[in-house]
Number of protein chains: 2
Amino acid sequence: MSGRREEILDAAVAIADERGVDAVSMRALADRVGVTPMALYRHVKDKAALLDGMVGRLLTALLPADPAEEHTWDERLRALAHAARKVTQQHPWAAHLLFSRPAVTPDGLRAVDIIYTALIEAGVPEPQVPRLERLISTFVIGFAASEASGRFTPGAEDPRGRRGRPDDGELPGHRALGPWLDLPLDLTAEFEADLADITRLVEAVARYEE
Amino acid sequence: MSGRREEILDAAVAIADERGVDAVSMRALADRVGVTPMALYRHVKDKAALLDGMVGRLLTALLPADPAEEHTWDERLRALAHAARKVTQQHPWAAHLLFSRPAVTPDGLRAVDIIYTALIEAGVPEPQVPRLERLISTFVIGFAASEASGRFTPGAEDPRGRRGRPDDGELPGHRALGPWLDLPLDLTAEFEADLADITRLVEAVARYEE
DNA sequence: ACCTGAACACCGTTCAAGT
DNA sequence: ACCTGAACACCGTTCAAGT
């Protein structure tokens, strides 16, 4: 289970955690595992395949030991969503890589399958299940990627672009919301509320055709 | 409106469209605009700022000429979502850049404002509006990024990872869905159905506290 | 003000060669 | 089989210099 390839991928993950994905070069990785850059090509086809392999390692860590442990379908869905968010909080560089490639690895298929079975159990008509799986995974990965890249928290350390800000007269929505926009974000609570809304969405689809 | 900076950004967009984002190097861009690489740094702080500027140009193109043209709030929401998807279909490289940075540019704020006003008109309680804006924009950008990067269409030309595929015995959801999984994807229809479900989600939140 | 040339410290990947 | 050294064709960015 922990062959040379896994060793190399884990070293790459460690570099990304410490100094960012951009610091993961074949040369730096080779240095870390104590070998010449070219020796890596024996275990990894490509730089792209290396990045794929790295997210693969995280996916393995993300999966629940026993999916049937949680009792209801929405508990299992929420557990998977929270696990995904936790992974991207620990490895922010990985968030947007999750969008780049179909989940055709064994662990990716297992994650999709957890969502499939949850939706079936929820009573979603079978032809609608794959669509709702994509809707849910898209939102969860999107939330994780947004949080990890700072899309949700402007101004934090990034006051660029403020100069040309349109007058509030041009932004009636912003003006109307006034004070609500200056509240500090609690992204954990927000994620929870979002998942609750999506659970209701699933229930609505299940009801619709039953 | 179309100064030297815009000229440079549009040249960069053109390179990305023709040969991918990775082909957008300071050297290649300088070549295209007929100048030395270092001359670009007069108009753009950084490679990162260059990429920001490129998505900024697309955002400008995305915005509706007159947001009030569409009659109902859900029509305006859908129009914006379809415009976003269209942009990432024409510029696939841009999809995941939309996740990387908060929408603090003037055009970004205008797009957010369109969603704010739609949600207010839908009757969503004001404290919930910013959360639902993030939910909706996250899903729409996520869908666009997934489609643009091929996450939704595995196997197309990317049969990697199939080797270790778990047995269907391990994947009860896949087994149960059987034939529904082999249907060809109509992502336009799926996006439409997703937006309809999200519209219902918004209506449910609006009803809840009213 | 605006641009250039040369240089620095990097990249991913190839290829032939070594053991 | 597995690894290496040297090389190729690139990067972003700096700095001093030119007009």
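Just so it is clear: chains get the letters A, B, ... in the order the sequence lines come, proteins before strands, and each one is counted from 1.
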Item to complete: State whether a side-chain donor-acceptor pair under 3.5 Å links Thr199(B) with Arg78(B).
Response: no
Worksheet, complete the sentence: Between CG of Leu29(A) and P of dC10(C) the distance, given in whole Å, is 17 Å
Discussion item. In whole Å, measure the gap between the P atoms of dA9(D) and dA9(C) for me.
Written reply: 23 Å
Distances for protein N or O near nucleotides 2-9 of chain C N or O, under 3.5 Å:
from: dT4(C); atom 1: OP2; to: Thr36(B); atom 2: N; distance (Å): 2.7

Worksheet item: Across all strands, who's sitting opposite dG5(D) as a Watson-Crick or G-U wobble pair, both distances under 3.5 Å?
Response: dC15(C)
Discussion item. Parallel, tilted or perpendicular, judged at 30° and 60°: which one describes the rings of Phe139(A) and Phe191(A)?
Written reply: parallel
Response to the item:
Separation of dG12(C) atom P from Tyr41(A) atom OH, nearest Å, is 7 Å
Item to complete: Specify the separation, in whole Å, of atom CG of Asp46(A) and atom P of dC11(C).
Response: 17 Å
Item to complete: Check the distance between dT13(C)'s C1' and Lys45(A)'s NZ and give it to me in whole angstrom.
Response: 11 Å
Worksheet item: Does one side chain, of Trp93(A) or Asp22(A), offer a donor that lies under 3.5 Å from an acceptor on the other?
Response: no
Item to complete: Give a yes or no on whether the backbone of Gly108(B) and the side-chain of Thr105(B) come within a donor-acceptor separation of less than 3.5 Å.
Response: yes
Worksheet entry | Protein-nucleotide distance (Asp22(B), atom CG; dT13(C), atom P), rounded to Å | 11 Å
Item to complete: Any chance you could lay out the side-chain contact (heavy atoms from CB on, under 4.5 Å) test for Trp180(B) and Gln128(A), step after step, and finish with the verdict?
Response: CA-CA 9 Å; Trp180(B) 302 113; Gln128(A) 303 262 42; over 6 Å; no
Worksheet item: Is a donor on one side and an acceptor on the other found under 3.5 Å between the side chain of Thr36(B) and the backbone of Ala39(B)?
Response: no
Discussion item. In whole Å, I'd like the distance from the NZ atom of Lys47(A) to the P atom of dC10(C).
Written reply: 15 Å
